[in-house]
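Residue numbers start from 1 in every chain, and the chains themselves are labelled A, B, ... in the order their sequence lines are given, proteins ahead of strands.
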Amino acid sequence: MQAKTLYDKIWDAHVVTTEPDGTCLIYIDRHLVHEVTSAQAFEGLRIGNRKVRRPELTLAVVDHNIPTSDRSGGINDPESKLQVDTLRDNTKEFGVEYYNEHDIRQGIVHIIGPEQGFTLPGTTVVCGDSHTATHGAFGALAHGIGTSEVEHVLASQTLLQNKSKNMLVKVNGKLGVGVTAKDLTLAVIAKTGTAGGTGHVIEYAGEAIRNLTMEGRMTLCNMAIEGGARAGLVAPDETTFEYLKGRPMAPKGKDWDEAVAYWKTLKSDKDAHFDAIIELDAAEIAPVVTWGTSPEDALAITEVVPAPEDFADEHKQAAAKRSLEYMGLQAGTPLSSIPIDRVFIGSCTNGRIEDLRAVARVVEGKTIAANINAMVVPGSGLVKKQAEDEGIADILKAAGFDWREPGCSMCLGMNPDRLEPGERCASTSNRNFEGRQGHGGRTHLMSPAMAAAAAITGHLTDVRELEATASGGTTT
Amino acid sequence: MKALKELSGVAAPLPMINVDTDMIIPKQYLKTIGRSGLGKGLFHSMRYNDDGSDNPSFVLNQEAYKNASILIAGDNFGCGSSREHAAWAIEDFGIRCVIAPSFSDIFYNNAFKNGMLLIRLPQEQIEDLTRQAEYGANAVFSVDLDSQTVTAPDGATHTFEIDDFRKHCLLNGLDEIALTLEKDSKISSFEKDKASAHSWLTPAA
């Protein structure tokens, strides 16, 4: 029998039909829906007089549009309110489970799927959102789709797909102190470029990946799309099973045992073929920040802002020139000297409990720098509650952070949380595109620990140095 | 979806790499619950000044390109968000064909679902086509889906690749959901097999 990759195995288990040119109809096991990319899909169903084929396989939540301030009084922005109300009405009409903005289970769609045990290994997961790649952390084949495809999945529980190529990203060794999954995923993108993964599904493997928690693996896979890959995968293991066991929508009893037995088969065969292989040494990765307007513009915090002529390719030179102008940066400036105005902790990349714990560890007993506005937006109502129960919220509030309600918030600024023109932000989100966090806003992507360090000093900072200072200058 | 067999028109050159979907259609246009009328927001931050007036240096504001039906762009066009609004905005503006060295996977799919044709050509051919597109309204390009060719203003013909199924659907303007639902019995038997082999797949709650 031909050796298969993990991706090959999940793909093969979901092919319903195949066209002569290889285009396949793929069965979809789990569908997540939010308010921004679904209204036109439900409207399409109504126009076509179609039903949702299996409503129990779809889970809907509001996240992109909702305010993260107190929302007991409702949503002020009439357009946002209409989109949220439309999702509520559509899910009611079509019989889909829906978490509204007052439900403690509400949160960012890619946080709540795993949190509820809706996301499971070996399943196909789609959502009208590119960061659906997140769910690949569980060994699920998960990717973003457009609204026409959302309608297709609602109507048929399938998707027309062409199989991608296989890419292996192997990270050997151990990550250093202060270096996290976010640094790892940015370092991979810096190496492959934002189009390096186009047409591929990435499987992440190696010792450094095995050692990541589920939260870390989600951060890693979340940004597979920033490297151009529709999906990232980590083979499930005991860490995965332990995370899922007992979650509300996860299998129970005999079903659980059967599921785990199956999930244990989900790994790439030893001799499986990968079309591309990239290897990294974890020990060589330092805490990373971005300097430009593409996630591939990532460098170790110890480096300086590059010059356009540092790039060989003329298109990259032009892009770098434009980025530096937009970001208001001079080539040669040490990254660790760049002052910031805002800090954003949250998003589907880094809005989980482990991320908030990392921030609390850095800021405990300290105060954020003067003139810095720092906000923390938990990824879900349950993450928020857990952080409050663990005392994390108190630590963050005492340090001067603004403690908010869950949602996508300033990752994309569809709600009132956004940067003003020229404001510079240390952000734990996933995209530093022009205007992403607000028109004219300048985004530097980094890990929660690094963003916390920047909040304390008021400039981009190597968290390892801050922690060394705090512990009397010694490093571990 | 609308069929597309052939197309002739002016091509607007946009020689930038990594044009992301936030650039194509920014967040303020995502609050709509409809699909139409997004052309006015296309390339918003490059196309308009802060006071809302047209930025005259942006290609689509130049007289020659106001009616462009083709866009020639740089590598990795449409990267980032899955928002189909990006495809809706381009199509609503009147552009039905984008030619670039590569596209993000999600944007590529979204565009075809909306009757658009995306063409991948090698970098050096894109550079040649971009130079010709810079001649403006006098430079007419022709695209023929059936023969899978782009004819440049200089008369040279460039052949492109496309999956047969995708081509068939676009040439005939087929409704993919209707096509899929014709396979209902195959989907049902797949579901039945899955349910017996993996009962854990049904959500517990």
For the candidates Ala155(A), Ala259(A), Pro421(A), Ala39(A), which exhibits the highest count of non-hydrogen atom pairs separated by less than 4.5 Å from chain B? Ala259(A)

Under the salt bridge (charged side-chain N to carboxylate O under 4.0 Å, His left out) criterion, do Glu19(A) and Lys167(B) qualify, and how do the steps go? CA-CA 13 Å; Glu19(A) 297 293 327; Lys167(B) 177 179 173 179; over 6 Å; no

What is the minimum heavy-atom distance between Asn76(B) and Thr198(A), and which atoms define it? OD1-OG1, 4.0 Å

Begin with the C-alpha distance, continue with both residues' side-chain angles, and end with the deciding distance and a verdict on salt bridge (charged side-chain N to carboxylate O under 4.0 Å, His left out) for Arg50(A) and Asp184(B). CA-CA 13 Å; Arg50(A) 291 169 178 146; Asp184(B) 180 65; over 6 Å; no

Value for OG1 (Thr180(B)) from CG (Leu159(A)), rounded to nearest 0.5 Å, stands at 9.0 Å

Taking salt bridge (charged side-chain N to carboxylate O under 4.0 Å, His left out) as the definition, give me every residue that meets it alongside Glu56(A), ordered by chain and number, with sequence neighbours left out. Arg54(A)

Minimum side-chain heavy-atom gap His315(A)-Gln123(B) below 4.5 Å: yes

Rounded to the nearest 0.5 angstrom, the SG-CZ distance for Cys79(B) and Phe433(A) is 4.5 Å

Scan for side-chain hydrogen bond (donor to acceptor under 3.5 Å, both in side chains) pairs involving residues 97-106 of chain B, sequence neighbours excluded, and state none if there are none. Asp75(B)-Ser102(B)

Hey, could you give me the NZ/OG1 distance between Lys183(B) and Thr158(A), rounded to the nearest 0.5 Å? 8.5 Å

Proximal component of Ala178(B), with respect to chain A [non-hydrogen, under 4.5 Å]: both

Can you see which heavy atom on Val36(A) is nearest to which on His85(B), and at what distance? O-CE1, 3.8 Å

Exam field: side chain Asp164(B) to backbone Asp21(A), donor-acceptor pair closer than 3.5 Å: no

Mind checking salt bridge (charged side-chain N to carboxylate O under 4.0 Å, His left out) for Glu296(A) and listing every partner two or more places apart, or none if nothing turns up? none

With a 4.5 Å cut-off on heavy-atom pairs, point out which of Glu434(A), Gln83(A), Glu35(A) contacts chain B the most. Gln83(A)

Pick from Thr293(A), Asp129(A), Val150(A) with the largest number of heavy-atom pairs that fall under 4.5 Å of chain B: Asp129(A)

For Tyr27(A) and Glu191(B), what are the C-alpha separation, side-chain angles and deciding distance, and is it a side chain to side chain contact (heavy atoms under 4.5 Å, CB included)? CA-CA 9 Å; Tyr27(A) 198 79; Glu191(B) 284 174 330; 2.4 Å; yes

Please find the pair of heavy atoms, one from Pro203(B) and one from Phe118(A), that lie closest to each other, and give the distance. CG-CE1, 4.4 Å

Mind listing the closest non-hydrogen atom pair of Gly146(A) and Ile106(B) along with its distance? N-CG2, 4.3 Å

Chain B shares the most heavy-atom pairs under 4.5 Å, among Leu59(A), Asn162(A), Leu57(A), Ile225(A), with Asn162(A)

Would you call the rings of His14(A) and Phe190(B) parallel, tilted or perpendicular, where under 30° means parallel and over 60° means perpendicular? tilted

Between Phe103(B) and chain A, with a heavy-atom cut-off of 4.5 Å, which part of the residue counts as in contact: side chain, backbone, both or neither? backbone

What are the two closest heavy atoms between Ser294(A) and Asn18(B), and how far apart are they? OG-ND2, 4.0 Å

Could you check whether any side-chain N or O of Lys31(B) sits under 3.5 Å from a backbone N or O of Leu82(A), counting only pairs where one atom can act as donor and the other as acceptor? no

Is the shortest side-chain heavy-atom distance between His439(A) and Asp50(B) below 4.5 Å? yes

Any non-hydrogen side-chain atom of His198(B) less than 4.5 Å from a side-chain atom of Tyr262(A)? yes

Under a 4.5 Å heavy-atom cut-off, does chain A meet the side chain of Asn109(B), its backbone, both or neither? side chain

Do any of residues 19-29 of chain B come closer than 4.5 Å to chain A, heavy atom to heavy atom, and if so which ones, in number order? Asp20(B), Asp22(B), Met23(B), Lys27(B)

Thr123(A), Asn430(A), Leu25(A): which one forms the most heavy-atom pairs within less than 4.5 Å of chain B? Leu25(A)

Option in Glu149(A), Gln116(A), His143(A), Gln157(A) with maximal non-hydrogen atom pairs under 4.5 Å from chain B: Glu149(A)

Any donor and acceptor pair, going by atom type alone, linking the side chain of Glu84(B) with main-chain N or O of Thr147(A) inside 3.5 Å? yes

Does NZ in Lys66(B) sit with more than 12 non-hydrogen atoms of other residues, nucleotides or ligands closer than 6.0 Å? yes

Between atom NZ of Lys254(A) and atom OG of Ser199(B), what is the distance when rounded to the nearest 0.5 Å? 5.5 Å

Measure the spacing between CH2 of Trp200(B) and CG of Asp255(A) and express it to the nearest 0.5 Å. 9.5 Å

Validation row: Ser36(B), Gln40(A) side chains within 4.5 angstrom (heavy atoms): no

If you compare all heavy atoms of Arg53(A) against all heavy atoms of Ser188(B), which two are closest, and at what distance to 0.1 Å? NH2-OG, 3.1 Å

Which bit of Leu201(B) is near chain A, if near means a heavy-atom gap under 4.5 Å: side chain, backbone, both or neither? both

